[in-house]
Every structure is written in structure tokens, then in C-alpha cells.
There are 2 protein chains.
Amino acid sequence: MPPKPTMRDVARIAGVSTMTVSRVLAQPAIVAEATRDRVHEAIAKLGYVPDMIASSLSSQKSGFIAAIVPTLNNINFAQTAEGLSDTLKMAGFQLLIGYTNYQLDEEESLVKTMLARRPEGIVLTGGHHTKATQQLLLAADIPVIEIWDLPKQPIGHAIGFSNLDVGMAMTSRLIERGHRRIAFLGPPESEPGFRDFRGDERLEGYHRALKQADLPTDLVIRHGSGPVSFTHGAESLTALLEHRKDVDAVFAVSDLSAVGAVMECQRRGIKVPDDVAIAGFGDFEIGSHIIPSLTTVHIDCIGIGERAGQLLLDLLSRTSIESADEHQVIDLGFELVERESTGMSAQQT
Amino acid sequence: MPPKPTMRDVARIAGVSTMTVSRVLAQPAIVAEATRDRVHEAIAKLGYVPDMIASSLSSQKSGFIAAIVPTLNNINFAQTAEGLSDTLKMAGFQLLIGYTNYQLDEEESLVKTMLARRPEGIVLTGGHHTKATQQLLLAADIPVIEIWDLPKQPIGHAIGFSNLDVGMAMTSRLIERGHRRIAFLGPPESEPGFRDFRGDERLEGYHRALKQADLPTDLVIRHGSGPVSFTHGAESLTALLEHRKDVDAVFAVSDLSAVGAVMECQRRGIKVPDDVAIAGFGDFEIGSHIIPSLTTVHIDCIGIGERAGQLLLDLLSRTSIESADEHQVIDLGFELVERESTGMSAQQT
DNA sequence: CTGAAAGCGCTTACAG
DNA sequence: CTGAAAGCGCTTACAG
């Protein structure tokens with residue numbers, strides 16, 4: 001096996017300097033056509049693949065954007081990652097994806113690892129980070145975008161929606177529709193090494209809406225371990241029924257839990273929505289297919305990724321002098337989707 | 001904003017050479033403790049973050065492993081990616097993830113882009129690639145592992161299972177249970193720019209099993225566009241019923257389709273499994289929660305990723321002289337999971 | 001246990 | 001339109 005051909009090899013075969021090869025690759029328009037052809041021939045003949053590592057070091061531009069999500073095992077975050085990746089790919093950037101498993105210390109070590117790759121921008125999920133993470137990010141001196149939330153004090157920019165408002169909106173809607181004993185289903189509060197800050201904010205919104213209406217907030221079930229799932233929803237509903245028989249509505253932290261709860265009701269002969277209404281969050285595809293179809297909150301997951309990508313490209317295309325307007329916070333909002341599980345008839349869905 | 005500190009800055013502050021700083025980072029044990037402490041102090045003081053780009057160029061080791069999957073929007077592939085990533089992370093490797101959207105030409109351009117980052121190994125999903133992709137891979141001279149399949153002529157190594165056997169096994173099982181009019185639900189055959197080779201192999205297995213039993217194979221519904229989904233399953237079932245009322249079992253290319261089909265049956269008042277049995281593939285979590293619970297094929301998705309990671313680490317730790325045993329093909333098998341949707345009673349599941 | 005020299009494969013900044 | 005020189009920030013391979 002011959003050693004991998006370098007730009008020098010291509011240059012020698014084509015009878016030009018490495019600078020000319022470099023130009024053919026980076027800005028072909030400024031190279032004479034005949035020269036360009038010879039270089040392309042040499043590249044093809046040798047099977048030359050440019051070395052982006054050397055290119056990055058020399059130009060001090062890695063072509064990387066880093067993105068950190070809680071997990072890849074949640075379609076919503078996967079969609080955001082795809083939206084980001086697709087947007088950046090068009091501009092020649094490559095996405096470095098990492099996941100934290102909802103752990104801040106994992107995020108910190110990931111940020112450290114990723115910054116060593118010298119990304120030109122970084123996207124983080126949520127507005128909560130360790131002190132060290134924040135310092136690393138600030139020192140990195142690259143655009144930082146926090147997504148899926150609207151932090152009060154963003155590190156750089158933010159693109160998301162208010163999880164607090166989501167919780168209030170859905171809970172208020174349930175109250176409007178006449179429900180008085182509304183339960184909340186979520187993950188445990190203080191699992192060591194796991195925390196869903198955005199889910200906690202939706203819970204806080206639930207609390208506020210109930211308090212405003214002078215209704216009790218004692219039906220909070222925080223069950224299981226780690227990220228929620230269909231199983232989490234089924235088990236949480238079981239736990240809920242053991243203690244309280246008077247519940248008339250359930251708001252789950254995620255559609256995963258909500259769908260699991262609907263299925264468990266079906267198994268137990270509890271009628272949804274007649275005996276109990278159920279609502280979730282995230283608008284997962286399954287929610288529109290189950291019977292009864294699931295009321296939920298729709299988030300434009302792909303859009304969050306795309307907008308983050310666009311903002312990044314915009315920021316990176318500016319000269320450092322232009323970069324005045326710091327701390328953009330973009331609220332993409334959310335949409336309540338009411339379906340059969342809270343009493344909307346099928347044709348309305 | 002001061003320019004980002006380099007190893008030289010750290011060396012100067014600590015009163016040592018850059019080599020000593022480099023050693024403190026790479027092999028601290030061989031540096032005198034007092035020196036080590038001074039270097040660590042300087043690193044902390046400056047907030048120094050090593051530059052892996054320079055490190056990679058100098059050592060000719062990128063610390064990257066590339067992985068290509070069809071999509072991140074499928075939990076099974078996301079799990080494989082996580083298994084891979086977790087295994088490699090422990091050894092200090094970082095995963096470069098890319099997705100093809102089930103398009104071979106996308107795979108080719110991804111491989112080209114990724115090889116420019118000089119990964120030390122690469123993992124591809126499936127055994128079908130363009131000629132150019134194969135040449136690029138061969139020329140790259142790094143370990144190649146194909147996963148989720150058992151290619152007849154692997155480029156390097158392979159870790160997966162036989163999708164053909166999956167199709168035969170499930171179809172045979174349905175025949176054994178007395179079904180005679182068995183339909184197959186899958187994506188369209190020749191969507192421009194989309195092809196699920198592994199799904200096609202499962203279909204081929206379905207064909208073979210039916211032929212062996214002298215049963216008709218005319219109930220193949222290839223509907224929709226692109227990757228299948230719950231909606232695909234619902235629509236495919238509708239399309240199936242329009243043409244054939246005599247179907248007594250359905251085998252779907254994926255649980256996504258199968259669950260969609262179960263839900264559509266429920267909507268139409270068709271009893272599963274009494275009127276029609278339904279089986280899927282992939283053992284998605286939702287399948288064990290719907291009513292009736294879904295018969296499916298379980299694949300150890302995380303295990304595929306972990307095993308691929310381990311093989312890679314093993315191959316990379318060898319000297320080039322040892323690397324004799326090429327073309328390992330590891331069959332991880334699969335497991336038929338029979339549940340209510342094909343007539344198993346609830347307690348058996 | 002530590003350091004000086006050379007070099008990894010490109011691109012920047014000039015010069016012509 | 002093209003090229004020679006220098007350098008990006010590290011590590012390898014020696015030397016001591």
C-alpha cells in the first residue's frame with residue numbers, strides 16, 4: 001500500500017506548485033482552465049483526498065460546528081440535529097454531534113472535548129450549564145446558541161420557546177375544559193446525574209396555572225429513572241391511580257409518557273377522555289395514530305435546528321466589527337394541538 | 001479578547017519546554033511531579049484548551065471514528081450510534097456521525113467529506129455502496145466495518161444479522177400458525193434517491209418462505225415515499241384492503257408500519273389478530289404497549305454499535321503486521337418476539 | 001526526567 | 001495567473 005498521496009504529490013504530477021493545487025480546490029475560478037484540468041487529472045489519477053486537518057490548522061478554520069443534545073434517542077432532538085446538520089452542510093460545515101444523557105457534568109466534559117476540535121460555533125440544548133462550561137464557552141470566543149429554551153441570561157444567543165408557557169397553556173386549557181383534578185406525570189426530581197430542566201419548567205407552568213385557578217397541585221407523580229418512555233407513562237399512571245381515584249385529567253411531561261398512560265388506561269378499562277383526559281408534549285407521530293388520538297403541544301423541532309444553523313452562518317459571515325448585536329433571543333413559540341384524548345371529536349383533529 | 005493561549009504560552013508560564021507540556025497532557029506519569037504541578041497551574045491560569053487539530057496533524061492520528069447510518073430519525077439506528085459512541089469514547093475516540101437518508105450517492109459524498117477528516121476507522125450501515133465509495137474506502141487504508149447486514153463480499157469486516165433470514169423466519173412462523181394469505185407492507189421499490197436494501201432483503205425472505213410453502217406472494221404493498229412511518233402503515237393497510245379482502249396476516253417491513261396498521265385496523269373495526277394477524281420488525285418500544293401488543297423481531301441495536309466499537313478498538317491496537325485475519329463477519333442474530341397481534345395471549349408476552 | 005530540531009500537510013500573505 | 005517562503009500548534013525522534 002503506497003502512502004496516502006498529498007498535495008505535493010498532486011502538484012508534482014501536474015507540474016505546478018502546491019499553491020496552485022490548493023487554489024484549484026478552494027477557488028477554482030481564479031486558476032487558468034488548462035492548469036485546472038491538469039490538476040484535476042492528477043487528483044483523479046492519484047485518488048487524492050484533501051487533508052482537512054492540515055487545512056484547518058493552516059487556515060485556523062475547522063469547518064466544524066459543535067452541537068450538544070440531551071440524547072439522540074428522542075426523535076425530537078434527532079430532528080433538531082438533522083435540521084441543523086442539513087442547514088450547515090450546504091455552507092460546507094460539518095456537525096460534531098454529542099449527547100449528555102441529561103447530565104450537566106457530561107455536558108461539561110463534552111464541551112471540553114469538542115472545543116479541542118476548535119469548532120467555529122456551538123449549539124447547546126437548554127439554558128442550564130455548569131460554571132466551568134460557561135467559562136469554557138466564553139473563553140472559546142465563538143458564537144454560542146442555546147436552543148429548546150429561552151434562558152434569562154443567555155451565554156450568547158438563544159432559539160427556542162418558553163417551556164413555562166407550555167406548561168401554563170396546556171394546564172389552563174384543561175381547566176377551561178372543566179377539569180379540576182389535574183395530575184402531572186414526570187421523571188423523578190433528583191435522580192443522581194439526571195435532570196430534565198425543560199420538563200421541570202413545564203411542571204412549574206402547571207403549578208402556576210393551577211394556583212391561579214385556586215386548584216390543588218398535589219397530583220404530581222415523579223416516577224422512574226432517567227428519560228421518560230412509554231413504560232414510564234404506563235407505570236406512572238398505575239402509581240397515580242393507587243393513591244388518587246379522583247383524578248380527571250393528566251398532563252404528561254412528554255408524549256412518550258402520555259401515550260404510555262393512554263395505553264395503560266385502555267388496559268384497565270378506564271375511558272379516555274370520559275373518565276380521564278390525557279395530554280402530552282412534543283407531538284410525536286404516534287400520538288396522532290393512537291385511539292383516542294393524543295392532545296399535545298407541537299414544537300417545530302426541525303425549525304429550531306434550521307434557525308440555529310442560519311443564525312450561526314449569519315454570525316460567521318460577519319466581520320468581527322459588525323458583531324455588535326449580541327444576545328439575540330428568538331422565541332419560536334409552540335402550538336396546542338387538541339385531539340380526542342381531551343375530548344375533541346375525531347373530525348376536529 | 002486575548003488570543004487563545006497555546007502550548008507555548010503554557011510552557012512559558014510554567015518555565016518549561018512545550019515538549020514537557022505535551023507530555024503532561026499525554027503521558028503525565030513520566031513527568032516529575034513538581035514540573036507537572038507547575039504545568040497544571042499554568043494550564044488552569046490561562047484556561048488553556050489543547051488544540052486537537054494541531055495534535056492530529058502532528059501525530060497523524062485524528063482520534064476520529066466515522067459512522068454513517070441511514071437516518072438519525074429512527075431510534076434503532078440512534079441506539080446503534082450511541083452504543084458505538086459510548087464504546088469509543090472510553091478509549092478517547094470521538095464519533096463523527098453522518099446520515100444518508102437511504103441514498104447511496106449521499107453516502108458517497110459523506111464518505112468523501114469524512115475521509116478528509118482522516119478518521120482512523122469507519123462504520124457503514126449495510127453492504128451496498130457505490131463503486132466510488134468502495135474505492136475511496138479501500139484507498140483510505142483504515143478499518144471498515146459494515147453493520148446491520150451480512151454482506152457476501154464485505155469491504156472489511158461486518159457485524160450484523162441476516163435480513164433475509166428475518167424475513168423467512170417471520171413469514172414461516174405466520175405460515176406455521178395457519179395463515180395462508182400473508183401480505184407484506186414496505187416502502188416503494190424505486191423511489192428516486194431512496195432505497196432500503198435491508199427492507200428489500202426481508203421482503204426477499206418473505207418471498208422465499210411463501211414459495212417454499214407453495215403460497216401466493218401477490219399481496220405485496222409498496223406504498224408511499226421514503227422511510228416508512230406510522231402513517232405509512234395506516235395508509236398501506238388501507239391500500240391493501242381496497243384490493244384484497246381475503247388477507248389473513250400482514251408482515252410489515254418495520255414496527256413503525258406495523259403499529260400504524262394495527263391502529264388503522266382498530267379504527268376500521270378489524271380485529272387483530274382474529275381477522276388479521278400483524279407482525280413487524282425492530283422491536284420498537286411502542287410495540288409492547290399498544291393493544292394488542294405487537295409481534296416483532298428483536299435486534300440488539302445497541303449491541304451492534306458496541307461490538308463494532310470493540311472490533312475497531314481491537315483492530316486499531318494491533319500493529320500492522322498482526323492485521324492478518326481480514327474480513328471478519330460476525331452474525332449477531334435476531335429474535336422472534338411473538339405477542340398478541342399474532343395470537344399469543346397477553347400473559348405469554 | 002527534559003529539551004532543541006524538524007516536520008505533519010496544508011494556507012496566508014506577498015511578490016511577480 | 002502562479003509560486004517561494006513562512007507558519008499554523010502540536011508531536012516524533014533524538015540527544016543528553
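Protein chains get the first letters and strands the later ones, always in sequence-line order, with residue 1 at the start of each. The shown structure was predicted, so the numbers you read here are calculated from the model rather than taken from an experiment.
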A.B. asks: For dA4(C), what is the paired nucleotide under Watson-Crick or G-U wobble rules, both distances under 3.5 Å?
C.D. replies: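 Pairing partner: none.
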A.B. asks: From C-beta outward on Val31(A), which listed nucleotide comes closest to its side chain: dG9(D), dT2(D), dT2(C)?
C.D. replies: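 Per side-chain heavy atoms of Val31(A), the pick is dT2(D).
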A.B. asks: Among the candidates dC1(C), dC8(D), dC10(C), find the nucleotide nearest to the side-chain atoms of Leu57(A).
C.D. replies: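 Given the options dC1(C), dC8(D), dC10(C), the side chain of Leu57(A) is closest to dC8(D).
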A.B. asks: Nearest of dT11(C), dC10(C), dG3(D) to any side-chain atom of Ser59(A)?
C.D. replies: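 Nucleotide nearest to Ser59(A)'s side chain: dT11(C).
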A.B. asks: If you check the Asp51(B) side chain, which of dC10(D), dT11(D), dG9(C) turns out closest?
C.D. replies: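 Of all the options, the side chain of Asp51(B) is nearest to dC10(D).
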A.B. asks: Distance check needed: dC10(D) C1' versus Met52(B) CE, whole Å only.
C.D. replies: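 Result: 11 Å.
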A.B. asks: By nearest heavy atom, map Ala54(B) and Arg36(B) onto DNA chain C; which one lands nearer the 5' end?
C.D. replies: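 That would be Arg36(B).
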A.B. asks: For dA13(D), which nucleotide is its Watson-Crick or G-U wobble mate, given both distances must be under 3.5 Å?
C.D. replies: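 The answer is none; no pair meets the criterion.
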A.B. asks: Rounded to whole angstroms, how far apart are NZ on Lys61(B) and P on dG9(D)?
C.D. replies: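 One finds 23 Å between P of dG9(D) and NZ of Lys61(B), rounded.
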A.B. asks: Counting heavy atoms from C-beta on, name the nucleotide in dC10(C), dC14(C), dG7(C) closest to the side chain of Met7(A).
C.D. replies: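 So the nucleotide nearest the side chain must be dC10(C).
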A.B. asks: Indicate whether OP1 or OP2 belonging to dG9(D) is found under 4.0 Å from a side-chain N or O atom of Tyr48(B).
C.D. replies: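 For dG9(D), neither OP1 nor OP2 has a side-chain N or O of Tyr48(B) closer than 4.0 Å.
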A.B. asks: Among Val144(A), Ile159(A), Val329(A), Ile145(A), which residue meets the side-chain contact (heavy atoms from CB on, under 4.5 Å) test with Pro154(A)?
C.D. replies: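 Running side-chain contact (heavy atoms from CB on, under 4.5 Å) over Val144(A), Ile159(A), Val329(A), Ile145(A) with Pro154(A) returns exactly one hit, Val329(A).
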A.B. asks: Grab the CG-C1' distance between Asp9(B) and dC8(D) for me, whole Å please.
C.D. replies: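 One finds 14 Å between C1' of dC8(D) and CG of Asp9(B), rounded.
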A.B. asks: Does a nitrogen or oxygen in the side chain of Ser17(B) sit under 4.0 Å from OP1 or OP2 of dT2(C)?
C.D. replies: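 False: Ser17(B) side-chain N/O out of range (4.0 Å or more) of dT2(C) OP1/OP2.
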A.B. asks: Using only modelled atom types and a 3.5 angstrom limit, is any donor from either the side chain of Ser58(B) or the base of dG7(C) paired with an acceptor on the other?
C.D. replies: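 Indeed, a donor on one side and an acceptor on the other fall under 3.5 Å apart.
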A.B. asks: What orientation do Phe77(B) and Tyr102(B) show, parallel under 30°, tilted 30 to 60°, or perpendicular over 60°?
C.D. replies: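 Correct class here is perpendicular.
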A.B. asks: Rounded to the Å, how far apart are Arg23(A) CZ and dC1(D) C1'?
C.D. replies: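 Going from Arg23(A) (CZ) to dC1(D) (C1'), I get 8 Å.
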A.B. asks: Looking only at atom types and distance, does a side-chain atom of Glu146(B) sit under 3.5 Å from a main-chain N or O of Leu124(B), one as donor and one as acceptor?
C.D. replies: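 Answer holds: no.
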A.B. asks: Taking atom C1' of dC1(D) as reference, at what distance in whole Å does atom CG of Asp37(A) sit?
C.D. replies: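 Interatomic distance, CG of Asp37(A) to C1' of dC1(D): 15 Å.
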A.B. asks: Is the closest side-chain donor-acceptor distance between Thr125(B) and Glu107(B) under 3.5 Å?
C.D. replies: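 Note: Thr125(B) and Glu107(B) side chains miss the donor-acceptor criterion.
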A.B. asks: Rounded to the nearest 0.5 Å, what's the gap from CE on Met52(B) to CE on Met114(A)? Could you check?
C.D. replies: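 With rounding to 0.5 Å, CE (Met52(B)) is 12.5 Å from CE (Met114(A)).
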A.B. asks: Identify the residue among Val24(B), Thr20(B), Val16(B) that makes a side-chain contact (heavy atoms from CB on, under 4.5 Å) with Arg36(B).
C.D. replies: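 Only one option passes, and that is Val24(B).
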A.B. asks: Output the single nucleotide from dG9(C), dT2(D), dG3(C) whose closest atom is nearest the side chain of Thr20(B).
C.D. replies: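 The closest nucleotide is dG3(C).
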A.B. asks: Within the pair Gln60(B) and dG7(C), is there a side-chain N or O less than 4.0 Å away from OP1 or OP2?
C.D. replies: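 No, Gln60(B) has no side-chain N/O under 4.0 Å of OP1/OP2 on dG7(C).
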A.B. asks: Counting side-chain heavy atoms from CB outward, which of dT2(D), dA4(C), dG9(D) is closest to Thr35(A)?
C.D. replies: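 So the nucleotide nearest the side chain must be dT2(D).
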A.B. asks: Nearest whole Å is fine: how far is dG16(C) C1' from Met19(A) CE?
C.D. replies: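 After rounding, the reported distance stands at 14 Å.
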A.B. asks: Atom CZ of Arg38(A) and atom P of dG3(D): how far apart are they, to the nearest Å?
C.D. replies: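 In whole Å, dG3(D) P and Arg38(A) CZ are 8 Å from each other.
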A.B. asks: Categorize Ser56(B) for me: base, sugar-phosphate, or nothing, with a 4.0 angstrom heavy-atom threshold over every strand shown.
C.D. replies: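 Result for Ser56(B) = nothing.
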A.B. asks: Would you state whether a donor and an acceptor, one from the side chain of Ser55(B) and one from the base of dC10(D), lie under 3.5 Å apart?
C.D. replies: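 No, the side chain and the base share no sub-3.5 Å donor-acceptor pair.
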A.B. asks: Using whole Å, what does the distance between atom P of nucleotide dT12(D) and atom CD1 of Ile30(B) come to?
C.D. replies: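 That distance rounds to 11 Å.
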